[in-house]
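Structure first, then comments.
First the proteins, then the strands, lettered A, B, ... as listed; each starts at 1.
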Protein chains: 2
Amino acid sequence: MTERKPRKDAVRNRAALLAAADALFARCESPEAVTMADIATEAGVGKASLFRAFGDRTGLIRALYEARLEPIRNAVEAGPPPLGPATPPLQRVFALLDALLCFKLDNRHLVLALEGTGSDSPYKAEHYERWHALLKAALEQIPGLTDSGFTAHALLAATRADLVEHLAGHERVPRETMRTQLASLTARVLGTRPLQDSVVEG
Amino acid sequence: MTERKPRKDAVRNRAALLAAADALFARCESPEAVTMADIATEAGVGKASLFRAFGDRTGLIRALYEARLEPIRNAVEAGPPPLGPATPPLQRVFALLDALLCFKLDNRHLVLALEGTGSDSPYKAEHYERWHALLKAALEQIPGLTDSGFTAHALLAATRADLVEHLAGHERVPRETMRTQLASLTARVLGTRPLQDSVVEG
DNA sequence: TTGCAAAGCGGACCCAGGGTCCGTATCGTT
DNA sequence: AACGATACGGACCCTGGGTCCGCTTTGCAA
């Protein structure tokens with residue numbers, strides 16, 4: 001019951017800030033080129049409101065990230081196959097990794113901002129924990145596979161934001177190529193042949 | 001012939017700075033807890049000398065890193081098997097990855113400092129290029145393996161500093177376990193059984 | 001030895017950027 | 001209408017990377 005509904009201007013400002021940050025991160029090449037002051041200004045709001053709403057820079061980026069991730073999160077937690085919980089484990093591993101890769105391709109700047117948020121390693125964020133737990137659980141149901149925990153980490157590492165950025169941006173690897181390669185890698189790790197494409201477009 | 005041999009005090013200071021930085025990074029938990037001023041002070045030297053000697057923070061960290069890496073680099077470029085160039089490709093892949101993992105375990109703080117040096121993604125550093133090229137070349141000689149480039153990236157990603165740090169530090173996974181798991185993962189990726197241990201202790 | 005550039009030194013200084021303070025404006029409730 | 005609570009915003013603080021410049025040291029040469 002510590003719930004105390006926020007004032008209207010507060011929620012409006014919060015929304016404006018999210019939108020502004022989103023726009024700025026999308027527009028600028030490097031995440032650290034966009035400063036907190038920039039975001040506040042873009043939103044037509046004082047800096048203090050920004051910090052009041054999100055705590056600190058990491059909080060803001062996390063909020064953005066979670067918002068963008070929500071559809072996928074829902075699809076994974078309660079949606080139909082191939083992402084939802086009813087999917088057979090093997091197929092789901094492919095679907096999860098593919099969805100994650102597509103998400104990172106579609107949100108390069110934002111994800112880069114989050115993972116490169118300086119100190120806090122990505123492994124401490126709870127959204128990483130979620131993905132890892134999910135993947136690990138799926139892997140554990142695949143017969144003949146050991147080291148589910150480490151394997152999950154390794155597969156997730158193959159979709160790290162800066163790697164994806166490097167491949168997509170610097171080496172100009174096309175999206176479909178990356179998806180195929182990741183699927184093929186996954187198949188080798190799992191000791192299977194790759195399944196056909198499994199997830200919707202981004 | 002633009003070579004102009006540096007003065008004695010300059011080289012002494014440079015050495016002192018390297019030593020100081022090394023000590024400080026080793027001593028402190030988080031790399032960003034140690035500031036440039038700290039390092040200069042520890043070395044008994046002015047801040048300007050520090051920047052004159054290494055350009056900027058990244059330059060210093062890179063210098064430290066290269067110094068530490070040199071033995072391995074030599075072993076890889078001109079040493080005997082299993083690291084040297086005469087090794088059969090398949091065995092060499094295992095050896096390279098194991099050596100890299102051990103190196104990162106033995107130099108956690110330093111490597112963390114380098115890879116987490118804020119903006120510059122690790123993929124732009126030329127030492128990454130070297131590892132990747134090396135691994136890719138070895139992979140290309142393994143029959144039936146496609147996507148050598150991507151596979152090399154993925155395997156290297158499994159040894160990323162912050163992942164290693166997370167596993168070794170936070171999850172308390174023992175060193176030998178990690179080595180085994182990495183070898184096992186590699187074997188699955190390559191479609192082989194793991195070879196026996198391949199490299200010296202760190 | 002002494003002279004004298006050139007190379008190097010160091011700490012005061014600059015600046016950007018994250019985060020806070022506090023007097024003022026707004027909200028929404030009685 | 002009025003008043004407490006809530007939020008606003010821009011001036012302000014502080015840390016930390018990086019630079020400036022007057023002074024010292026080095027090393028070559030006379």
What I want to check is whether an N or O donor and acceptor connect the side chain of B:Lys8 with the base of D:dG27 at under 3.5 Å.
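Such a pair does not exist between side chain and base.
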With nearest nucleotide decided by heavy atoms, which residue, B:Met36 or B:Ala48, maps closer to the 5′ end of DNA chain D?
B:Met36
When you match B:Asp9 and A:Arg52 each to their closest nucleotide on DNA chain D, which lands nearer the 5' end?
A:Arg52
OP1 or OP2 of [N] sitting under 4.0 Å from any side-chain N/O of [X]?
X	N	answer
B:Arg7	C:dA7	no
B:Asn13	C:dG8	no
A:Thr35	C:dG18	yes

Rounded to whole angstrom units, what separation is found between the [atom1] atom of [X] and the [atom2] atom of [N]?
X	N	atom1	atom2	result
B:Glu32	D:dT15	CD	C1'	13 Å
A:Asp56	D:dC14	CG	P	20 Å
B:Leu50	D:dG16	CG	P	15 Å
A:Phe51	D:dG10	CZ	C1'	13 Å
B:Arg14	C:dC9	CZ	P	12 Å
A:Phe54	C:dG19	CZ	C1'	16 Å
B:Ile39	D:dG18	CD1	P	11 Å
A:Leu60	C:dG17	CG	C1'	15 Å

Could you work out which one of C:dG10, D:dT26, C:dG17 sits closest to the side chain of B:Arg12?
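For B:Arg12, the side-chain atoms sit closest to D:dT26.
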Nearest of D:dG18, C:dC9, D:dC8 to any side-chain atom of A:Ser49?
D:dC8
So, for B:Tyr65 and B:His127, is the gap between ring centers shorter than 6.0 Å?
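Ring centres of B:His127 and B:Tyr65 closer than 6.0 Å.
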Between B:Tyr128 and B:His153, is the ring centroid distance below 6.0 Å?
yes
Looking at A:Arg73 and A:Glu70, is any side-chain nitrogen of the basic one under 4.0 Å from a carboxylate oxygen of the acidic one?
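Judged by the 4.0 Å cut-off on N to carboxylate O distance, A:Glu70 and A:Arg73 do not form a salt bridge.
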Nearest 0.5 Å, what's the CG-CG distance between B:Leu50 and B:Asn13?
10.0 Å
How long is the span from the CD1 atom in A:Ile61 to the CG atom in A:Leu114, to the nearest 0.5 Å?
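Result: 6.5 Å between the selected atoms.
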